[in-house]
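A short write-up of the structure that comes next.
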Amino acid sequence: MKTNVLTLDAKKAGDIDLDEAIFGVSARADILHRVVNWQLAKRRAGTHAVQFRSDVSRTGARFGRQKGGGTARHGSRRSNIFVGGGRAFGPIPRDHGFSLPKKVRKLGLKSALSAKQAEGKLIVVDAAELKDGKTKDLQAKLEKLGLTNALFVDGAEVNENFLRAAQNIPNVDVLPAQGANVYDILRRNTLVLTKAAVEKLGERLK
């Protein structure tokens, strides 16, 4: 499929062919859901913890009388039934990540790209470069393109001046092609690819 290529000043700079196998597949909500869950699970720190019986420093000697006290014959204050005792089944440090087949991850990225294309929220620009890393200059260019919430994906490397200018603008993210992922694509309203990004994504998703 053919689509227009724009400059950052919103002027037409030719057109480009988008691979139907990458940008024209039917969006699978179930696959997108699985991939996003996998990504977010990997991000979790998993460092939450509590004190168990063995971690609490309290007496282990029996307290109270053996008989006549009217209470049970407890042998430790570390038990979870007492205030200040250890937890019975609390969380422990662990990895929340799980494995997901490469085919599913690849299909998820294709679905995300295709969904943006189908919704008309995919823009291709010739290059994402700035002479100076000025936020004001980039904001002016974004206004011409009509962008307020967008993800820019560049080629193998991101232009330093462009990245520096974009860091001060809310709801605008910049990633290299290798870092393109389903979660970041879906969380932004518009996806902006450079010509280099289209080429790199084509190689990655063959």
Side-chain angles (χ1 to χ4, degrees), residues 1-43 97-130 138-139 141-159 162-163 165-166 169-206:
M1 66 182 77
K2 278 189 179 290
T3 189
N4 292 331
V5 177
L6 304 176
T7 65
L8 288 179
D9 292 315
K11 296 178 181 177
K12 189 173 179 181
D15 49 42
I16 190 172
D17 279 319
L18 298 180
D19 191 346
E20 287 274 358
I22 298 174
F23 296 91
V25 302
S26 57
R28 293 271 305 271
D30 59 326
I31 296 295
L32 293 174
H33 180 261
R34 288 179 64 184
V35 177
V36 169
N37 273 353
W38 170 75
Q39 279 189 244
L40 296 182
K42 282 178 63 179
R43 292 186 183 188
F98 56 91
S99 61
L100 194 66
K102 284 184 179 179
K103 286 183 178 180
V104 176
R105 281 148 40 191
K106 187 177 285 190
L107 180 57
L109 188 51
K110 288 180 180 179
S111 290
L113 293 170
S114 298
K116 290 296 183 185
Q117 170 65 15
E119 293 169 4
K121 295 181 179 179
L122 175 66
I123 297 175
V124 180
V125 296
D126 58 347
E129 297 177 356
L130 290 177
L138 181 56
Q139 279 182 321
K141 294 180 184 296
L142 294 181
E143 285 177 10
K144 291 178 183 178
L145 290 167
L147 300 176
T148 55
N149 188 312
L151 168 67
F152 283 83
V153 179
D154 207 343
E157 294 181 358
V158 176
N159 180 261
F162 190 90
L163 178 61
I169 304 176
N171 301 322
V172 174
D173 298 327
V174 183
L175 292 173
Q178 192 61 34
N181 62 87
V182 174
Y183 177 69
D184 282 322
I185 290 172
L186 295 181
R187 70 193 287 259
R188 294 299 174 213
N189 186 50
T190 308
L191 174 63
V192 183
L193 303 177
T194 64
K195 291 170 69 175
V198 172
E199 183 181 343
K200 287 290 182 183
L201 287 171
E203 294 173 2
R204 177 177 165 186
L205 298 173
K206 275 184 179 177

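Owing to the predicted nature of the structure, the values given are computational and were not obtained by experimental measurement.
- The CD1 atom of I22 lies 7.0 Å from the CG atom of L201; values are rounded to the nearest 0.5 Å.
- When R187, Q39, R34, H33 are each tested for a side chain to side chain contact (heavy atoms under 4.5 Å, CB included) with V182, only one passes: Q39.
- Here the CG atom belonging to L6 is positioned 12.0 Å from the NZ atom belonging to K11, to the nearest 0.5 angstrom.
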Yes or no on side-chain contact (heavy atoms from CB on, under 4.5 Å) for F152 and N159, after CA distance, side-chain angles and deciding distance? CA-CA 11 Å; F152 283 83; N159 180 261; over 6 Å; no
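- Closest approach of P176 and A156 over heavy atoms only: CB-O, 3.8 Å.
- The backbone N or O of L107 lies less than 3.5 Å from no partner atom in the side chain of R28, so there is not a single donor-acceptor pair.
- For the residue pair A27 and S111, the shortest heavy atom distance occurs at CB-O, 4.0 Å.
- A donor-acceptor pair under 3.5 Å links the side-chain atoms of N149 to the main chain of N189, judged by distance alone.
- Nearest heavy-atom pair across G24 and S114 is N-OG, 3.4 Å.
- Side-chain N or O atoms of W38 include one that pairs as donor or acceptor with a backbone N or O of F98 at under 3.5 Å.
- Using modelled atom types and a 3.5 Å distance limit, the side chains of D154 and T194 yield a donor-acceptor pair.
- Scanning both residues, V174 and V158, for their nearest heavy atoms gives CG1-CG1, 3.3 Å.
- Taking the side chain as every heavy atom from C-beta outward, L191 and K121 never approach each other to under 4.5 Å.
- Looking at L109, V36, L175 one by one, the single match for side chain to side chain contact (heavy atoms under 4.5 Å, CB included) with N181 turns out to be L175.
- Rounding to the nearest 0.5 Å gives a distance of 9.0 Å between OG1 of T3 and CD1 of I123.
- Residues I185 and L113 have side chains in contact (heavy-atom distance under 4.5 Å, counting atoms from C-beta outward).
- Of the inter-residue distances, the one linking L100 atom CG with K42 atom NZ reads 10.0 Å to the nearest 0.5 angstrom.
- No side-chain heavy atom of T148 sits under 4.5 Å from any side-chain heavy atom of N171.
- L147 places a side-chain heavy atom less than 4.5 Å from the side chain of V192.
- If you take CG on N37 and CG on L32, they are separated by 11.0 Å, rounding to the nearest 0.5 Å.
- Considering every non-hydrogen atom in both Q117 and L18, the closest pair reads OE1-CD1, 3.9 Å.
- Summarising the local packing, CD of E157 is surrounded by 12 or fewer heavy atoms from other residues, nucleotides or ligands at distances under 6.0 Å.
- In this structure, K2 places its NZ atom where more than 12 heavy-atom neighbours from other residues, nucleotides or ligands lie under 6.0 Å away.
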